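Atoms within each ligand, like the ligands themselves, are counted from 1 in listed order. Model, not experiment: these values are computed from the prediction.
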Amino acid sequence: MVSTATHIGDFTFDNCLMNAAGVYCMTKEELADIEASAAGSFVTKTGTLEARLGNPEPRYADTQLGSINSMGLPNQGFHYYLDYVTELQKAPDSKNHFLSLVGMSQEETHTILKTVQESDYEDLVELNLSCPNVPGKPQIAYDFETTDQILSQVFSYFTKPLGIKLPPYFDIAHFDLAAAIFNKYPLTFVNCINSVGNGLVIEDETVVIKPKNGFGGIGGDYVKPTALANVHAFYQRLNPSIQIIGTGGVKSGRDAFEHILCGASMVQIGTALHQEGPAVFERITKELQAIMVEKGYQTLEDFRGKLNYID
Ligand code: RRO
């Protein structure tokens with residue numbers, strides 16, 4: 001029997017597939033549906049200090065090759081998600097979870113993380129350094145100096161397992177610079193990638209989403225090669241203690257297989273989950289298992305990171 005079980009830090013998961021932050025994770029009801037599905041875990045919608053309504057609708061659109069969104073960080077406020085996952089983790093058969101967080105300012109981020117540090121929450125935290133859609137707020141992780149400063153301050157008080165959600169990088173020099181910064185800190189994981197920021201999709205003569213005159217984060221088929229490159233670039237550069245979560249363009253077992261081949265320890269599903277609902281996890285798990293059987297792999301360790309190059 002092949003196994004798609006995995007671990008991130010000291011946390012084990014029966015299955016390596018889960019939702020990507022932002023998709024099917026805004027409310028307790030949605031999170032409960034993921035919990036009840038074949039997914040190995042869930043991550044919550046990124047929570048801010050106060051609840052937010054986000055950008056005006058329409059703010060998400062499916063396209064033939066994926067999706068575009070400019071949600072603008074709508075969420076119930078981080079306490080809502082913190083309380084829910086803390087409650088869930090008391091159940092003996094509960095999965096392990098990820099709490100996604102970020103403040104609207106550095107000060108807010110530290111206020112949130114200090115609250116989590118002092119709370120009973122014991123699972124994983126994902127600090128979102130890559131939201132592309134809040135007007136006037138650049139993606140934090142494209143500013144290396146600020147990223148270094150935030151991580152330095154965070155790790156002066158935060159001792160729980162923490163990872164970061166990254167935007168895609170597009171230049172080898174940026175992979176090198178970013179990895180050198182991340183390697184200075186006791187990160188448990190990096191998650192590559194968030195949506196490809198500020199794309200534009202047009203139907204007839206008009207944009208398909210309202211905020212920012214149609215500019216929004218791109219997901220789905222469009223982004224898989226960029227996601228795989230980021231997963232593999234960081235797999236090659238990061239200390240082995242920093243694991244990689246692969247996100248971007250996963251809608252089949254083959255896509256998940258490729259992320260793992262590039263070095264991912266866990267694989268997240270965004271656009272395909274939005275389009276197909278939580279049944280997507282069972283389908284893709286079965287497809288991944290079938291590939292593993294065909295290739296004679298029994299565990300993810302048998303092929304994780306073992307991407308072949310052409311000599
Ligand atoms: O809410 C959003 O607009 C959003 C966020 Br926070 C994010 O991290 N990535 C994304 O594509 N959309």
Side-chain angles (χ1 to χ4, degrees), residues 18-27 30-31 42-63 65-78 80-81 98-106 108-109 112-113 125-143 147 150 162-169 189-201 207-224 226-227 230 245-250 268-275:
M18 59 181 290
N19 69 305
V23 182
Y24 235 99
C25 58
M26 194 83 84
T27 62
E30 288 181 337
L31 290 165
F42 67 63
V43 56
T44 62
K45 173 67 185 171
T46 302
T48 51
L49 192 57
E50 307 292 342
R52 289 170 54 83
L53 290 173
N55 292 338
E57 294 179 342
R59 56 191 185 181
Y60 176 99
D62 285 315
T63 71
L65 295 173
S67 65
I68 182 167
N69 87 84
S70 183
M71 305 297 288
L73 211 28
N75 75 93
Q76 320 267 358
F78 85 99
Y80 174 95
Y81 305 104
F98 296 77
L99 184 64
S100 175
L101 303 166
V102 77
M104 298 308 292
S105 63
Q106 285 194 40
E108 266 194 34
T109 295
I112 293 167
L113 287 175
V125 172
E126 177 171 287
L127 180 61
N128 186 353
L129 297 181
S130 49
C131 175
N133 299 329
V134 179
K137 302 253 181 214
Q139 290 167 84
I140 297 166
Y142 283 147
D143 178 340
T147 298
I150 291 173
L162 180 86
I164 47 179
K165 180 76 173 270
L166 298 176
Y169 297 102
F189 66 91
V190 301
N191 185 340
C192 311
I193 57 171
N194 207 318
S195 54
V196 172
N198 295 299
L200 192 56
V201 173
V207 300
V208 298
I209 56 172
K210 180 169 174 179
K212 294 172 68 178
N213 289 338
F215 282 59
I218 304 295
D221 294 358
Y222 306 105
V223 313
K224 192 180 77 168
T226 299
N230 276 258
I245 298 177
T247 307
V250 177
Q268 297 188 338
I269 304 174
T271 299
L273 170 61
H274 188 273
Q275 294 176 348

Exercise. Check each atom of ligand 1 against the heavy atoms of P74 and keep those under 4.0 Å away; list them by number with element.
Key: 1 (O)
Self-check item: Backbone N/O of M26 and side chain of Y80: donor-acceptor pair under 3.5 Å
Solution: no
Practice problem: Using distance alone, decide if ligand 1 has a nitrogen or oxygen within less than 3.5 Å of any nitrogen or oxygen in G72. | Solution: yes
Practice problem: Examine T46 against ligand 1 and note whether any of their N/O atoms are separated by less than 3.5 Å. | Solution: no
Quiz prompt | No-hydrogen, no-angle side-chain donor-acceptor test under 3.5 Å, K212 and N55 | solution = no
Self-check item: N or O contact, S130 vs ligand 1, cut-off under 3.5 Å
Solution: no
Practice problem: Output the list of atoms in ligand 1 that are nearer than 4.0 Å to some heavy atom of M71, sorted by atom number. | Solution: 1 (O), 2 (C), 3 (O)
Practice problem: Can you establish whether the number of heavy atoms outside F215 located under 6.0 Å from its atom CZ is more than 12? | Solution: no
Exercise. Please state whether K45 comes within less than 4.0 angstrom of ligand 1, counting heavy atoms only.
Key: yes
Exercise. Please write down residue, atom name and distance for the protein heavy atom closest to atom 11 (O) of ligand 1.
Key: S195 OG, 2.7 Å
Quiz item: For ligand 1, is any non-hydrogen atom under 4.0 Å from N69's backbone (N, CA, C, O), its side chain (CB onward), both, or neither?
Solution: side chain
Quiz item: Do N75 and T48 meet the criterion of a side-chain donor-acceptor pair at a distance under 3.5 Å?
Solution: yes
Exercise. Answer side chain, backbone, both or neither: which part of L73 comes under 4.0 Å from ligand 1, heavy atoms only.
Key: both
Quiz item: What part of N128, side chain from CB on, backbone N/CA/C/O, both or neither, has a heavy atom under 4.0 Å from ligand 1?
Solution: side chain
Self-check item: Any N/O pair G217/ligand 1 closer than 3.5 Å
Solution: no
Quiz prompt | Protein contact to atom 9 (N) of ligand 1 [nearest heavy atom, distance to 0.1 Å] | solution = N194 OD1, 2.7 Å
Practice problem: Please write down residue, atom name and distance for the protein heavy atom closest to atom 5 (C) of ligand 1. | Solution: C131 SG, 3.5 Å
Quiz prompt | P132, portion touching ligand 1 at heavy-atom distance under 4.0 Å | solution = side chain
Quiz item: How close do F42 and M18 get, heavy atom to heavy atom, and via which atoms?
Solution: C-CE, 3.5 Å
Quiz prompt | Non-hydrogen atom of G216 closer than 4.0 Å to ligand 1 | solution = no
Practice problem: Please could you name the atoms of ligand 1 that N133 approaches to less than 4.0 Å, counting only its heavy atoms? | Solution: 2 (C), 3 (O), 4 (C), 10 (C), 11 (O), 12 (N)
Quiz prompt | Q275 atom CD: more than 12 heavy-atom contacts under 6.0 Å | solution = yes
